[in-house]
Structure formats: structure tokens, C-alpha cells
Amino acid sequence: MKPWQRFERLAEKIMQDLAPNAKIHWNDHILGKDSGIRRQIDVAVRWMDGPDERLLIVDAKNWSKPADVGAVEKFASMVKDVRASSGVLVCNAGFAKTIHDYARKLGVSLWNLHDAESRDWSRDLTIPLVWLDLEPTVKCSVLGWFDAGDGIIPDGEFPFVLSFDDGSSDEFGSTFVKVDPVQTFVRAWNGREVPRSTGQVHRISLDRSVRALVRDRSDVLRWRPLKEFGMSYTVDCKSWLGQFSPDKCRGLIDHLDDQAFVATYLPVGQIPVIRDESWQPVDDPDRVAVSIRGTFVTTESIKFLVNTGAKIHDLNFTLLKREPYGD
């Protein structure tokens, strides 16, 4: 296959990426309404817009020099002749800047193509990436009544050993379902079971009663029911802006939109998973996203690892005591 044919087929593939549900034909032929001549179309894209069929035609030029005003006029005439809804002129060498406004008036889009895996049509470009670090801060609240003389038994750095209350005797048994607040949140966070939005307090409630393990005044392990047990959390977001050059990527460069690059194929495995010192902190990632032309990628570092080594900070609780009856 000759280079100009391969360039046309690349245009076809990119249109397939953009419009997977459309009917796309390479080297199509359409009868001109004005000329009465069957016009050769490099790539024709047809789709339904309600009851109406739409047609977009692509003319791909594998030229060594930028397309000029004559190329735009000739293509615009073909768009009108075949009654296409719109037309895209693609040129490997780009376009003379003097024809941009004229192309807009004629309704002709001006594109170049990029294929990172091609020796002929790989451009020197980068894709902006907004990196978000989402860090949750979790707070546990416990309200319970304990007998005078009860000794609280801590669970590591957490001040209580907790279990689901099955309604049985308060005597400690060898079999019980332990409640680990840290791991309970970890599972919900990693499993995307809880919201990750910032700027608000999120609350998690358990659908079962919880009890705490104590050592009573007789040195016997017993369970004490908790009146309340709940968790709340907030999410802090830090963001950075970086650039990356994927080895596998294809798309279009829109010369009428400040040469913005629109990726039509970008495997997830090409997105960086490590941030280095070249990344710049940004205060408002939403504003950055609005200002970027073409394709940009957002990635969230949200994993709350199981082995977090989580620390308990600002531990404050009030121990409410009650005297046993008859004491």
C-alpha cells in the first residue's frame, strides 16, 4: 500500500474512533448533485440524526507542503456538490495560516493526524494530565455506658476492642466477629462504596449494634453494649499538572482550534502512574481543565492501602460510668 493510501486509512481509523456507530467507507464514490460526476471521497462518514441521514466527507492529503487556499476552495466545492453536512480537509504538512479564517467561512475543518506508532505520522506532542491526590481523614465516634471498675481494652492504637452485638450474654467467648473501624473504612473506600467528594463531611453508619470489650472489677472479660457507633470522614484533594508522551496513541490536530490535539485512541496503560518533580502544583484543577484545549487526562490517586499504618490522632473520649445496682 502506498503512503498516501496508508494516510487515508489512518484518517478512516480515526473517524471510526470518533464515530463508532456511524457507517464509514474508505475510497467511496458519491454522485455530485451539481456536476453530475461521481466524486471520489477518501473517507465518507454517514449517520442518522433522527429521521435524517448526515454525511461528513474527509479529504486526506499526504503532501510535503502546507495546503493553500486553492486546496480549501476545491474541497469546499466538493462538499457542496455531494451535499455533505460537513467536510474535513486533512493535510500531513499542515496549512497556511492565511487560510484559517477562509476555511471557517466555508465551513471546512482543517486537521492533521497523529499516530504514535507510525514512523511517518508520529508528531512531537504531549498530552496534559491533571493528577489528583485524594486523602481521607476519618473520625470515629463512640457513645457507651460502662460499669464502675471496668477497664477499657485497647485494640492496637484504637482505644476499644469492638464486636457486633449478637444479643447473647455479655460474657466474653472465644468466637466473635471483630469490628475494625480502620479496615471497615478501607474496604468501603477501596471498593468505591463511599463518596469521594471534597468540601463536605461524609458519614458512615453500621446496620448492626456494636459492643466494646472490657475487663470488669472482678478481672473478667465482658462485653458492654454501645449506644452509638459511627464514622465520619472528609476528603482533601491536592492536584498537579504534568505532561506525558504516550507510545501508543492516535488522534487529530485541529488547526482551527489552536492546533489542539484530540486523542481518539489512548490505552489506559499509557497513562503515568508515578508523578515526578516536573509536575506543577495547581490550586484549582477545574479551572485548569477548562483552559486546556483538546484532550487532557485526569487521574486520581485514591488508593487507601490495606497496610496503611494508620495513626490515631487527637484522641478524645469521655468515659460515662454507672454504678451496678445494689453496689
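Please read all numbers here as calculations on a predicted model, not as lab measurements.
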Engineer: Look up atom CG in Leu56 and atom OG in Ser86, then write down how far apart they are to the nearest 0.5 Å.
Structural biologist: 3.5 Å
Engineer: When you measure from the centre of the six-membered ring of Trp131, is the NZ or CZ of Arg275 under 6.0 Å away and within 45° of the axis?
Structural biologist: yes
Engineer: Are Leu110 and Val79 linked, directly or through intermediate hydrophobic residues, by side-chain heavy-atom contacts shorter than 4.5 Å (ILVMFWY only)?
Structural biologist: yes
Engineer: Between Asp81 and Arg39, is there a side-chain N and carboxylate O pair less than 4.0 Å apart?
Structural biologist: yes
Engineer: Under the criterion ring-ring contact (aromatic ring centres under 6.0 Å, His included), which of Phe7, Tyr265, Phe261 is the partner of His114?
Structural biologist: Phe261
Engineer: Transitively linked via ILVMFWY side-chain contacts under 4.5 Å: Trp121 with Leu18?
Structural biologist: yes
Engineer: Do Lys80 and Asp34 sit within salt-bridge range, that is, some charged N less than 4.0 Å from a carboxylate O?
Structural biologist: yes
Engineer: What distance do Leu162 atom CG and Leu226 atom CG have between them, rounded to the nearest 0.5 Å?
Structural biologist: 6.0 Å
Engineer: Under 4.5 Å between side-chain heavy atoms, hopping through other hydrophobics if needed: is there a path connecting Val235 to Val194?
Structural biologist: yes
Engineer: Does Phe75 form a side-chain contact (heavy atoms from CB on, under 4.5 Å) with Ile57? I'd like the steps, not just the answer.
Structural biologist: CA-CA 10 Å; Phe75 178 63; Ile57 63 173; 3.9 Å; yes
Engineer: Rounded at 0.5 Å granularity, tell me how far CD1 in Ile41 sits from CG in Asp59.
Structural biologist: 7.5 Å
Engineer: In this structure, would Val58 and Val108 fall into the same cluster of hydrophobic residues linked by side-chain contacts under 4.5 Å?
Structural biologist: no
Engineer: Please determine whether side-chain contact (heavy atoms from CB on, under 4.5 Å) holds for the pair Lys61 and Val90, giving the CA-CA distance in whole Å, both sets of side-chain angles, and the decisive distance to 0.1 Å.
Structural biologist: CA-CA 6 Å; Lys61 303 297 186 184; Val90 179; over 6 Å; no
Engineer: Do Ser109 and His255 get their side chains close enough for a donor-acceptor pair, meaning under 3.5 Å?
Structural biologist: no
Engineer: Going from CG on Leu134 to OG on Ser239, what distance comes out if it is rounded to the nearest 0.5 angstrom?
Structural biologist: 10.0 Å
Engineer: Is the shortest side-chain N to carboxylate O distance from Arg217 to Asp147 below 4.0 Å?
Structural biologist: no
Engineer: Could you give the distance from NZ (Lys238) to CD (Glu135), rounded to the nearest 0.5 Å?
Structural biologist: 6.5 Å
Engineer: For residues 11-30, which residue pairs pass the salt bridge (Lys or Arg N to Asp or Glu O under 4.0 Å) check, not counting sequence neighbours?
Structural biologist: Arg9-Glu12, Asp17-Arg250, Asp28-Arg46
Engineer: What is the distance from atom OG1 of Thr98 to atom CG of Asp68, rounded to the nearest 0.5 Å?
Structural biologist: 8.5 Å
Engineer: Take Asp254 and Leu252, measure what side-chain contact (heavy atoms from CB on, under 4.5 Å) needs, and give me the verdict at the end.
Structural biologist: CA-CA 6 Å; Asp254 191 342; Leu252 62 95; 4.2 Å; yes
Engineer: Which residue pairs pass the side chain to side chain donor-acceptor pair (under 3.5 Å) test with at least one member in residues 69-79, sequence neighbours excluded?
Structural biologist: Glu73-Tyr102
Engineer: Just one of Ser209, Pro181, Ser205 clears the side-chain contact (heavy atoms from CB on, under 4.5 Å) bar with Phe229, so which one?
Structural biologist: Pro181
Engineer: When you compare the side chains of Asp120 and Ser118, does any donor N or O come within less than 3.5 Å of an acceptor on the partner?
Structural biologist: no
Engineer: State plainly whether one hydrophobic cluster holds both Val262 and Ile253, where clusters connect Ile, Leu, Val, Met, Phe, Trp and Tyr through side-chain heavy atoms under 4.5 angstrom apart.
Structural biologist: no
Engineer: May I ask you to check whether Glu8 and Trp26 show a side-chain donor-acceptor distance below 3.5 Å?
Structural biologist: yes
